[in-house]
S.K.: 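Below you'll find the structure I mean.
Chain letters run A, B, ... following the sequence lines, proteins first, then strands; residues in each count from 1.
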Amino acid sequence: MNVFGEIRNLIIASLNEMQVLADLPNDLNFDLVAVEPPRNSNHGDMATNAAMVLASQSRKKPLDIASKLAVHLGHSPLVEAVEIAGPGFINIRLTANVWGTVLRAILEDPLAYGRSNIGAAKKVNIEYVSANPTGPLHVGHTRGAVFGDALASLLDFVGFNVTREYYINDGGAQVDVLARSVYLRYLEAHGQKIIFADGTYPGDYLIEVGQALKDKVGDAFVDKDEAMWLAELRQFSIDAMMKLIKTDLLALGIKIDVYFSEKSLYGTGRIESAISNLRDKGLIYEGTLDPPKGKTDVDWEPRKQTLFKSTNYGDDVDRPVQKSDGNWTYFAPDVAYHFDKLTRDFNHLIDVLGADHGGYVKRMKAAVTALSDGQTSLDIKLIQLVRLYKNGVPFKMSKRAGTFVTLRELVDRVGADATRFVMLTRKNDAPLDFDFDKVLEQTKENPIFYVQYAHARICSVMRKATEIGLAIDDATLAGSDLDSLIDSAEITLAAKVAEFPRLVDIAARSNEPHRIAFYLYELASDFHSLWNKGQEQPRLRFLQENNPSTSYAKISLIRSAAVVISAGLGILGVTPVQEMR
RNA sequence: GCACCCGUAGCUCAGCUGGAUAGAGCGCUGCCCUCCGAAGGCAGAGGUCUCGCGUUCGAAUCGCGACGGGUGCACCA
């Protein structure tokens with residue numbers, strides 16, 4: 001049950017009645033009519049701007065519309081009182097039992113609360129992580145992984161048909177570098193002394209890959225020409241790296257539906273057919289680009305290339321798809337890859353990329369618009385940097401010094417739940433500070449703790465309730481009399497719980513899972529506040545001796561809050577805890 | 001030089017896509033444990049929402065222009 005949605009429907013229905021009565025013209029656009037919680041609770045439970053946004057459209061005074069609309073709204077059994085304020089706000093106070101109705105709906109079907117069908121089962125493809133298969137995932141990848149995964153869950157929650165996808169960049173030159181690096185480790189496993197030249201990967205994580213190769217092929221490749229082993233080693237190394245990456249992702253609780261190989265695009269005509277699709281639309285031509293202004297590049301010289309006319313779709317310059325030597329640029333397989341997504345009938349595509357790929361956004365959107373004839377939208381979410389701290393001091397990362405922090409180290413150290421939650425406490429386009437020590441602190445300052453603490457406290461009360469003989473299953477709670485919930489702190493919590501569906505809706509529409517994290521913090525705060533009020537006023541304690549009826553009402557309230565915390569954390573991929581340790 | 005992102009309390013950040021007196025945490029001041037978990041809670045102080053112009057009933061939010069910070073800029077991914 002979405003109270004805000006219901007009240008909005010009520011307002012629209014009332015406006016329609018006014019149209020029938022000729023109090024309003026018939027051709028009105030109601031899109032801007034909003035229902036929201038007022039900032040100041042003295043103004044009631046909800047406010048609408050309907051009269052103001054319709055004033056100019058209908059050529060009537062806001063206050064005239066408001067006064068008539070108020071009369072209509074007043075007839076609803078949901079509405080206790082209506083008042084007009086300021087330039088034409090309509091403040092609505094709901095009848096006390098509305099909150100009880102909401103709580104009852106939650107308890108009757110806890111898993112459904114907050115879910116919706118705004119996605120209408122449309123197919124969405126969300127591509128994230130997509131790290132090069134040349135080594136383990138590090139902290140930077142982690143944020144993108146968590147964001148993408150939470151966004152996928154969020155969209156699933158509101159009724160989209162979501163595919164989680166990972167693009168394996170296994171077609172470029174960096175894979176040869178990987179293979180040669182593994183070869184060195186392989187020689188090392190055979191007892192040879194090795195040196196890592198510039199442009200090879202000296203990381204320890206390849207030692208076991210070299211050993212595994214030795215176990216598999218013995219000395220077959222020792223001191224042999226590169227031509228003999230390169231192809232086989234490429235695949236062997238990629239497989240090993242992808243296994244490593246998948247294990248890391250699993251440690252974070254991430255399961256990708258589709259791994260898509262860049263290499264599978266080569267030699268199969270798939271790049272060619274994507275490019276010829278563009279060519280058929282007159283968007284491919286041979287040309288020479290101007291040198292970038294303001295940036296002096298001594299190596300720059302005019303060269304003829306095959307270009308995609310991305311400027312037709314808002315890009316700054318046209319982009320090369322084929323180099324002057326005839327090879328594809330890195331952009332060409334990306335075009336082919338997105339073309340492949342289009343053939344899989346997605347209604348909407350989302351790419352989650354590091355912020356350093358910002359310059360890539362316009363050309364990719366241009367390509368998708370062109371390939372789909374504007375039928376499919378691509379949204380690109382850029383993820384800003386993570387700055388690591390250790391107890392307040394910046395933690396310098398360096399591959400060379402061995403202080404390079406991997407996803408795995410992060411998860412081993414602070415756990416998947418804390419990692420995920422903290423990564424989502426900032427919006428994606430703002431940099432994030434991640435402090436190893438502070439994410440584990442058990443204080444209010446640490447949002448993951450604060451939210452979990454609220455959930456644990458509720459579970460604690462539930463355990464106590466069972467001990468004193470109360471039946472606290474959801475069905476019993478849903479059947480209890482909730483009219484005794486009248487204190488302002490109780491209403492505040494109930495109202496916050498009632499806001500969940502609306503908040504999920506907003507978060508999903510804006511593709512911003514961090515809103516869920518902030519909401520949960522506020523919800524936890526309202527709960528802790530009520531808890532403490534019970535310390536001073538015994539009548540507000542959740543368990544009332546010799547008064548099971550009141551106890552049931554209060555338990556219903558906090559159980560509903562726990563349901564919402566659990567659902568919200570579920571979207572973020574975090575497991576709610578039953579007790580703090 | 002151009003493009004994208006950002007600029008909100010001393011610090012770190014939210015701000016529901018245009019609504020009423022701009023919020024939270026930290027820090028600062030002062031309170032609250034005979035009690036379902038004080039790992040908490042309450043109250044106070046703290047603001048020219050970087051600046052200017054515009055759009056309108058109404059702007060932190062939208063547009064334009066400054067200023068400041070970050071990122072990226074053919075033939076590497």
S.K.: Which part of the nucleic acid does Glu301(A) contact within heavy-atom distance under 4.0 Å: base, sugar-phosphate only, or nothing?
M.R.: base
S.K.: Applying the 5.5 Å / 30° rule, does His357(A) stack onto the base of G72(B)?
M.R.: no
S.K.: Any idea which of U12(B), G40(B), C57(B) is nearest the Phe449(A) side chain?
M.R.: G40(B)
S.K.: Can you see whether Tyr453(A) engages Arg457(A) through a side-chain donor-acceptor pair at a distance of less than 3.5 angstrom?
M.R.: yes
S.K.: Mark up nucleotides 2-8 of chain B, 5' to 3', with B wherever a protein heavy atom is under 4.0 angstrom from a base atom, S wherever such an atom reaches only the sugar-phosphate, and - elsewhere.
M.R.: -SSSS--
S.K.: For a quick check of understanding: with a heavy-atom distance under 4.0 Å over all strands, which category does Arg387(A) fall into, base, sugar-phosphate or nothing?
M.R.: sugar-phosphate
S.K.: Which part of the nucleic acid, if any, lies within reach of Ser56(A) when heavy atoms closer than 4.0 Å are counted: base, sugar-phosphate only, or nothing?
M.R.: nothing
S.K.: Please classify U17(B) as syn or anti, treating any glycosidic angle within 90° of 0 as syn.
M.R.: syn
S.K.: Only pairs with both distances under 3.5 Å count, Watson-Crick or wobble alike; so what is the partner of C36(B) in this structure?
M.R.: none
S.K.: For Asp351(A) and Tyr128(A), which I'm curious about, is there any donor-acceptor pair between the side chains at under 3.5 Å?
M.R.: no
S.K.: Do any N or O atoms of the protein come closer than 3.5 Å to N or O atoms of nucleotides 23-33 of chain B, and which pairs are they?
M.R.:
{"unit_1": "G25(B)", "atom_1": "OP1", "unit_2": "Lys444(A)", "atom_2": "NZ", "d": "2.9"}

S.K.: Might you confirm whether atom CD of Glu286(A) has over 12 heavy atoms from other residues, nucleotides or ligands at distances under 6.0 Å?
M.R.: yes
S.K.: Using a heavy-atom cut-off of 4.0 Å across all strands, would you classify Asn132(A) as base, sugar-phosphate, or nothing?
M.R.: sugar-phosphate
S.K.: To the closest 0.5 Å, what do you measure between CG (Asp526(A)) and OH (Tyr521(A))?
M.R.: 11.5 Å
S.K.: Going through the checks in order, is the side chain to side chain contact (heavy atoms under 4.5 Å, CB included) test met by Leu432(A) and Arg387(A)?
M.R.: CA-CA 6 Å; Leu432(A) 167 78; Arg387(A) 293 183 296 233; over 6 Å; no
S.K.: Carefully, step by step, assess Asp334(A) and Tyr360(A) under the rule side-chain hydrogen bond (donor to acceptor under 3.5 Å, both in side chains).
M.R.: CA-CA 11 Å; Asp334(A) 286 341; Tyr360(A) 174 90; 2.7 Å; yes
S.K.: Hey, is the side chain of Arg457(A) pairing donor to acceptor with the base of C36(B) inside 3.5 Å?
M.R.: no
S.K.: RNA chain B: Glu36(A) or Glu579(A), which has the more 5' nearest nucleotide?
M.R.: Glu36(A)
S.K.: From the options C13(B), A20(B), C36(B), select the nucleotide whose nearest atom is closest to the side chain of Ala47(A).
M.R.: A20(B)
S.K.: So which nucleotide from A77(B), G41(B), A20(B) ends up closest to the side chain of Tyr450(A)?
M.R.: G41(B)
S.K.: Does the structure show Tyr330(A) stacking with C76(B), if we require the centres to be closer than 5.5 Å and the planes to be within less than 30 degrees of parallel?
M.R.: no
S.K.: With the stacking rule set at 5.5 Å and 30°, tell me whether Phe518(A) counts as stacking on A14(B).
M.R.: no
S.K.: Mind checking if Ala355(A) touches a base, just sugar-phosphate, or nothing, with heavy atoms under 4.0 Å?
M.R.: sugar-phosphate
